[in-house]
Number of protein chains: 2
Amino acid sequence: MKTSLDNIISEARELFRVHGYAGASMQDLATRVGIKKPSLYTRFPTKESLVPEVLALTSREMDAALPDASGDWLARYEAVLRAMAADLVARQRCVCLHLAYDVGDDTPEAADAVRSYFRQQRDAMAAMLGAAFDAQTARAMAMDALARIEGATLWTVIDSDPAPMWRAVDELVEIARSRKGNP
Amino acid sequence: MKTSLDNIISEARELFRVHGYAGASMQDLATRVGIKKPSLYTRFPTKESLVPEVLALTSREMDAALPDASGDWLARYEAVLRAMAADLVARQRCVCLHLAYDVGDDTPEAADAVRSYFRQQRDAMAAMLGAAFDAQTARAMAMDALARIEGATLWTVIDSDPAPMWRAVDELVEIARSRKGNP
DNA sequence: CCTACCGATCGGTAGG
DNA sequence: CCTACCGATCGGTAGG
């Protein structure tokens with residue numbers, strides 16, 4: 001049970017988060033999960049194939065951590081932002097942003113998975129904001145919110161300073177609240 | 001002249017930007033500048049030593065591109081933001097953020113250089129804002145501004161969409177203008 | 001799930 | 001600035 005699929009993917013995520021895609025090795029992953037490297041290849045055909053799995057696990061965990069569609073849209077929006085921020089502050093870096101920066105045209109499946117992940121995040125957030133704003137506004141607000149939160153990880157990486165992250169969350173919630181109704 | 005120091009550093013910067021620190025190889029760099037790999041080591045003792053050079057070159061170029069301390073603080077602030085944003089939109093990714101995410105404790109000189117770079121950027125921006133805000137507010141505004149601009153590269157990487165970047169710049173300028181005087 | 005191994009490439013050096 | 005080379009590690013495979 002210790003070497004379950006999800007356990008391997010979760011450990012791969014930690015390696016990708018800290019070392020990036022290029023800097024994470026299959027040998028390190030094997031050591032972390034306590035098996036030999038060739039055994040990894042019975043579960044995952046390539047290193048690249050771990051990337052979609054890592055992103056899918058992250059999406060699944062985020063969905064599970066959030067309360068289902070209870071409360072108003074603003075409460076749900078704030079809950080999502082705070083959950084994301086808390087995770088990023090705790091782990092210092094964002095795996096997904098690291099992968100977005102690291103994977104290129106030489107690993108097209110990984111690059112596609114990263115693109116899909118962020119578009120899905122954007123669309124989910126835009127759907128919430130769609131309760132109070134027109135589609136175009138909601139989409140722009142979702143993109144800006146994700147950009148601000150990801151950008152705030154700059155200071156969790158550089159100075160272990162979570163203050164910019166929490167300011168970003170507070171301001172994003174306030175913006176959504178105050179703009180409601182007046183375009 | 002083609003293989004000047006700055007030329008090598010500039011090519012190293014492109015490799016770091018696209019592939020990250022771990023994903024950039026000295027062989028690739030040598031090929032790009034048209035010399036053999038061992039010749040690189042007559043100019044730079046290690047791969048790691050390229051990181052401080054890349055950041056220093058970037059600082060130098062940014063200083064040179066900006067008009068010297070003419071105009072009021074708001075005009076200078078806006079000029080800095082627009083120069084940074086234009087560069088990031090053109091190149092899709094930020095080398096400095098990629099390095100901040102990629103370099104770790106195994107390359108301490110590189111990690112220190114990245115930390116120093118961003119602190120210096122923050123302090124320079126805070127100094128401008130210091131003309132109209134108290135030191136603590138100016139510092140927080142500078143951190144938030146850098147975080148927003150770096151964060152907006154998420155969408156230049158994912159979707160080649162510069163819109164969030166320009167929205168961030170416009171809003172940051174507007175925030176600085178409107179907050180002026182009233183804390 | 002293992003041992004044993006592959007060719008390729010890594011950062012870096014010797015020696016001129 | 002080069003040719004030639006080093007040990008280590010990379011992603012991945014053969015075969016059981």
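Below, read A as the first sequence line, B as the second, and so on, with proteins coming before strands; counting in each chain starts at 1.
- The environment of CD in A/Glu109 is sparse: at most 12 heavy-atom neighbours from other residues, nucleotides or ligands sit within 6.0 Å.
- None of A/Leu97, A/Leu146, A/Val114 except one satisfies the side-chain contact (heavy atoms from CB on, under 4.5 Å) rule with B/Ile158; the exception is A/Val114.
- Counting any heavy atom pair closer than 4.0 Å across all strands shown, A/Ser25 reaches sugar-phosphate atoms only and no base atom.
- The nearest whole Å value for the distance from the CZ atom in B/Arg43 to the P atom in C/dG12 is 17 Å.
- Between the side chain of B/Lys37 and the base of C/dG11, at least one donor-acceptor pair of N or O atoms lies under 3.5 Å.
- In plain terms, the two heavy atoms of B/Arg119 and A/Asp159 that are nearest each other are NH2-OD1, 2.6 Å.
- Spacing between atom OH of A/Tyr41 and atom P of C/dC5 amounts to 19 Å, rounded to whole angstrom units.
- Rounded to whole Å, the distance from CD1 on B/Ile35 to C1' on D/dT3 is 15 Å.
- Rounded to whole Å, atom P of C/dT13 lies 15 Å from atom CZ of B/Phe44.
- Per the geometry, NZ belonging to B/Lys47 stands 17 Å off C1' belonging to C/dT13, to the nearest Å.
- Residue A/Gln27 contributes atom CD, which lies 16 Å from atom P of C/dC5 at whole-angstrom precision.
- Going from atom CG of B/Leu15 over to atom C1' of C/dG11 covers 15 Å, rounded to whole Å.
- Dashed line: the shortest gap from a side-chain N or O of B/Thr42 to OP1 or OP2 of D/dC1 is not under 4.0 Å.
- Distances from the side chain of A/Ser39 to the nucleotides D/dC1, C/dC1, C/dG12 place C/dC1 closest.
- Classification of A/Arg115 and A/Asp112 as a salt-bridged pair holds, one side-chain N sitting under 4.0 Å from a carboxylate O.
- The phosphate of C/dC2 (OP1 or OP2) has no side-chain N or O of A/Lys36 nearer than 4.0 angstrom.
- Checking C/dG11, D/dG12, D/dC1 against every side-chain atom of A/Thr46, the shortest atom distance belongs to D/dG12.
- The residue A/Ala24 sits close only to the backbone: its heavy atoms come under 4.0 Å of sugar-phosphate atoms, none of a base.
- Taking atom NE2 on A/His19 and atom C1' on D/dT9, their separation rounds to 15 Å, with Å as the unit.
- If you check D/dG11, D/dA14, C/dG11 against the side chain of A/Pro38, the one that comes closest is D/dA14.
- Using the Watson-Crick or G-U wobble rule with both distances under 3.5 Å, D/dC1 pairs with C/dG16.
- Geometric assessment of A/Lys47 against the ring of A/Tyr21 yields a positive cation-pi assignment under the 6.0 Å and 45° thresholds.
- Proximity note for B/Met26 (side chain, C-beta onward) versus C/dT3, C/dG11, D/dC1: the nearest is C/dG11.
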